[in-house]
Amino acid sequence: MHETVEPLINDEYTGGPPTKRVLARLQEKRKEGRKVAGVYCGYAPTELILAMGISPATLCAFSNGTIEAAETVLPANLCPLIKSSYGFIITDTCPFYGLADAVIGETTCDGKKKMFELITDLKPTWIMDLPQVPDQEEAITHWTAMIRKLQGFLETTFGARATDDGIEDSIRDINRRNAMMREVFEFAALRPAIVDWREMYDLTFLAQGSSGKDMEPVLSEALKKLAKRRDDGYSYGPAGAPRVMVTGCPVGGDAEKVFAIIEEAGGVIVALDACSGFKPYMTDTAEGTGDPVRALAERYLKIPCSCMTPNARRLTEMTRLIEKFRPDAVIDVVLQACHSFNIESHKVGEHVEKVHGLPFLKIVTDFSLGDVEQIRTRVEALLESC
Ligand code: SF4
Ligand code: SF4
């Protein structure tokens, strides 16, 4: 980032990893007597968990360092995200898992589903059965029932309660948070962009599991600073640099190598189309429907994850992002052995190239550094073609 520009998140942890700030917030909540629920996936209904007075904590999943330990139990040819998650647990190195009183999982991909079976005895664990043909009426009915069952689990485990009015309030609060996040993303849509991918990434990480009330001061400050940058004529990245949208599997920690390579190759990342990026903030839950749990079910089933079939919504959402952020190229990051994102990449590539006329690159990678130079060569070639 430009050296003289004021950082967007300006507090005691400026310059440090946002994990520190999230951890501090959770520790504070715990001191106040709140329970913590560890979550792994975008399908965990944050609004319900918060409405029950419980703090959701995203569990660690992005380090290469825990994979060796995981491979003593799990197969080597498994998605690194699953191996890393499991490795963090068996080496007792994820501070969020350490704080968690319970874990909430969902039946998304086979690897995660089976990994959950290995950790289920360690802490109270609830697995939500996620329907995977999302547009059918039965799917919505089923997912509504699953959210109610999660509510029952949290009631039994923690004695926590939430009324429908309380859930409705939480929906409004999270919708407000999401709207503010989208306001931040609007600044990346400017040409030239005035926000760094790290800043957007840090904000998306901070906002995960946070209420709108908790995020409001951080986001208001960030928005003010962004408006100032725009008014001062600040631009991020080299003039005329190709704009890149990154889509695909969640990316964080050691997988951020891909973002760094794009930047080193002269690109500016303007859109992060993954659960670790913009995805959780792009849609809202309907308010005032009279059935807030069904409204949550409808909204969450619209998450365009590759575990869904068909997943046409992912292409529709990509079009929306491409039109807004106007990238010059799209890079699809697929984690090794993630079959659903890997197979879906074919349709994504066709969509990007044929419908939008943009160059497209699929990168299959893991959390190690072994393929950095190979990725660099391919990214440089892609950006030269822009
Ligand atoms: S990509 Fe799919 S499985 Fe992974 S976190 Fe997002 S919604 Fe969950
Ligand atoms: S990246 Fe793919 S294989 Fe890995 S946890 Fe997510 S959906 Fe499963």
Side-chain angles (χ1 to χ4, degrees), residues 38-46 49 56-64 66-67 70-71 74-89 96 103-119 127-134 139 143 146-147 150 201 204-205 207-209 246-256 258 272-283 296-297 299-311 313-314 317-318 332-345 348 362-367:
V39 298
Y40 277 114
C41 175
Y43 287 106
T46 305
I49 301 167
T58 304
L59 300 177
C60 310
F62 287 117
S63 169
N64 197 44
T66 58
I67 286 184
E71 285 179 354
L74 298 176
N77 63 343
L78 184 66
C79 159
L81 207 148
I82 302 170
K83 288 191 289 188
S84 178
S85 308
Y86 182 68
F88 267 110
I89 291 176
F96 302 102
V103 174
I104 299 167
E106 304 77 14
T107 55
T108 51
C109 62
D110 288 351
K112 262 212 287 195
K113 214 158 53 188
K114 300 311 282 184
M115 187 274 278
F116 289 146
E117 289 178 21
L118 303 181
I119 61 169
I127 305 298
M128 303 175 78
D129 180 31
L130 180 73
Q132 301 195 349
V133 185
W143 191 236
M146 285 301 120
I147 298 177
L150 171 67
Y201 184 83
T204 61
F205 184 83
Q208 275 173 20
V246 182
T247 184
C249 295
V251 169
D254 288 334
E256 284 172 32
V258 180
L272 302 166
D273 176 34
C275 283
S276 51
F278 295 0
K279 246 184 213 179
Y281 310 103
M282 295 311 284
T283 50
L296 284 177
R299 186 255 157 180
Y300 276 85
L301 282 184
K302 285 187 185 139
I303 295 173
C305 175
S306 65
C307 66
M308 295 295 178
T309 187
N311 191 26
R313 203 170 272 119
R314 177 156 176 220
E317 282 302 305
M318 282 189 80
D332 193 12
V333 179
V334 175
L335 294 177
Q336 265 170 21
C338 176
H339 302 316
S340 57
F341 271 102
N342 200 340
I343 295 168
E344 195 165 276
S345 186
V348 169
K362 172 170 110 175
I363 293 172
V364 180
T365 188
D366 60 12
F367 295 170

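FYI, side chains are in, hydrogens and waters are out, and symmetry mates aren't considered; it's all heavy atoms of this structure. Order of appearance sets the numbers: ligands from 1, and atoms from 1 within every ligand.
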query = Using 30° and 60° as the class limits, which term best fits the ring planes of Phe205 and Phe96: parallel, tilted or perpendicular?
reply = perpendicular
ask   = Any idea how Trp143 and Tyr43 line up, ring-wise: parallel (<30°), tilted (30 to 60°), or perpendicular (>60°)?
value = perpendicular
query = Under 4.0 Å between a Lys/Arg side-chain N and an Asp/Glu carboxylate O for Glu117 and Lys114?
reply = yes
Just by distance, do the side chain of [X] and the backbone of [Y] share a donor-acceptor pair under 3.5 Å?
X      : Y      : value
Thr247 : Asp332 : no
Ser345 : Phe341 : no
Asp254 : Ser63  : no
Ser84  : Leu81  : no
Glu256 : Gly253 : yes

message = If we count only non-hydrogen protein atoms and require a distance under 4.0 Å, does atom 6 (Fe) of ligand 2 qualify as touching the protein?
response = no
ask   = Which residue owns the protein heavy atom closest to atom 4 (Fe) of ligand 1, what's the atom, and how far is it?
value = Pro250 CG, 3.9 Å
query = Got the closest protein heavy atom to atom 8 (Fe) of ligand 2, with its distance?
reply = Cys109 SG, 2.3 Å
What are the atoms of ligand 1, with element, lying closer than 4.0 Å to any heavy atom of [X]?
X      : result
Cys305 : 1 (S), 2 (Fe), 3 (S), 7 (S)
Tyr43  : 7 (S)
Gly42  : 5 (S), 8 (Fe)
Phe341 : 1 (S)
Thr108 : 3 (S)
Cys41  : 3 (S), 5 (S), 7 (S), 8 (Fe)
Lys112 : 3 (S), 8 (Fe)
Cys275 : 1 (S), 5 (S), 6 (Fe), 7 (S)

query = Can you list the ligand 2 atoms lying under 4.0 Å from a non-hydrogen atom of Ile82?
reply = 5 (S)
remark   = Contact region, Cys338 to ligand 2, non-hydrogen atoms below 4.0 Å, reads both
request  = Would you tell me whether Gln208 and Thr58 have side-chain atoms, one donor and one acceptor, within less than 3.5 Å of each other?
outcome  = yes
query = Looking at atom 4 (Fe) of ligand 2, is one of the N, O or S atoms of Cys79 less than 2.8 Å from it?
reply = yes
